[in-house]
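Shown next, in structure tokens, is the structure this report addresses.
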Amino acid sequence: MTLTSLVTGGGARKREALIFGHLTANQQTAIILEGLPDGSSELDALTDNSLLTIVRIAPGCMCCTGNMIMRVHLNRILRSKPARLYISVANSEHLEQLRLFLTQTPYDTLLTLTGDIACTA
């Protein structure tokens, strides 16, 4: 099971910094970032790390776009069986629908959702 956290609030740069602070060395980790970066990110320096997969998807409600892009990237990521997954959400308006999507088949047997990580500053 992949431990999965939704990262919400703030701008892209702040969410990425928050994720960077949660990374654990020597742990297979994947990150799905919604939207374009709003400046440089600490994650940029980690692109050569073989234990880290970073995917950036176009901005837009992951729920309202039918989850197709999210589903494609999530399925690719889960083939490598990461221990940890962070999903950075630009708009938390439909967060409950996203959670519902992540707890349905087949993801219910692949993911363990944690509490959200909120960017407060």
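Heavy-atom basis, side chains included; hydrogens, waters and symmetry copies ignored. Treat the numbers as computed from the prediction; the structure is a model and nothing was measured. One-based numbering along the sequence shown.
Annotation: the span from E16 atom CD to R56 atom CZ amounts to 4.5 Å, rounded to 0.5 Å. To the nearest 0.5 Å, atom CG of residue L23 and atom CD1 of residue I31 are 5.0 Å apart. With values rounded to the nearest 0.5 angstrom, I32 atom CD1 is found 10.0 Å from S88 atom OG. The CG atom of L100 sits 4.0 Å away from atom CD of Q104, with the distance rounded to the nearest 0.5 Å. Atom OG1 in T8 sits 12.0 Å away from atom CD1 in I87 (nearest 0.5 Å). Summarising the geometry, atom CD1 belonging to I77 is positioned 12.5 Å from atom CG belonging to L110; distances are rounded to the nearest 0.5 Å.
Side-chain contact between I57 and L33: absent, with no pair of heavy atoms (C-beta onward) separated by less than 4.5 Å. Side-chain contact check for L98 versus M70: some heavy-atom pair is nearer than 4.5 Å.
Side chain of E34 to backbone of A90: a donor-acceptor contact under 3.5 angstrom is found. Of the possible polar contacts, one joining the T4 side chain to the T2 backbone as a donor-acceptor pair under 3.5 Å is found.
Residue pairs that meet the salt bridge (Lys or Arg N to Asp or Glu O under 4.0 Å) test with at least one member in residues 74-88, sequence neighbours left out, do not exist here. Applying the salt bridge (Lys or Arg N to Asp or Glu O under 4.0 Å) test to pairs two or more places apart or on separate chains, none has a residue in residues 85-94.
N75 pairs by the side-chain contact (heavy atoms from CB on, under 4.5 Å) definition with R71, Y107, not counting sequence neighbours. Listed by chain and residue number, nothing satisfies the side-chain hydrogen bond (donor to acceptor under 3.5 Å, both in side chains) test with T103 (two or more places apart in sequence, or in another chain). Every salt bridge (Lys or Arg N to Asp or Glu O under 4.0 Å) that D116 has, sequence neighbours left out, goes to R99. Annotation: side-chain contact (heavy atoms from CB on, under 4.5 Å) contacts of L18 (sequence neighbours excluded): V7, H22, I117, C119.
Of all the heavy atoms in D108 and M1, the pair that sits closest is O-CE, 3.8 Å.
The cluster map of Ile, Leu, Val, Met, Phe, Trp and Tyr, joined by side-chain heavy atoms under 4.5 Å apart, puts L51 and I19 in different clusters.
Screening L6, L3, T29, L74 against L85 for a side chain to side chain contact (heavy atoms under 4.5 Å, CB included) leaves a single residue, L74.
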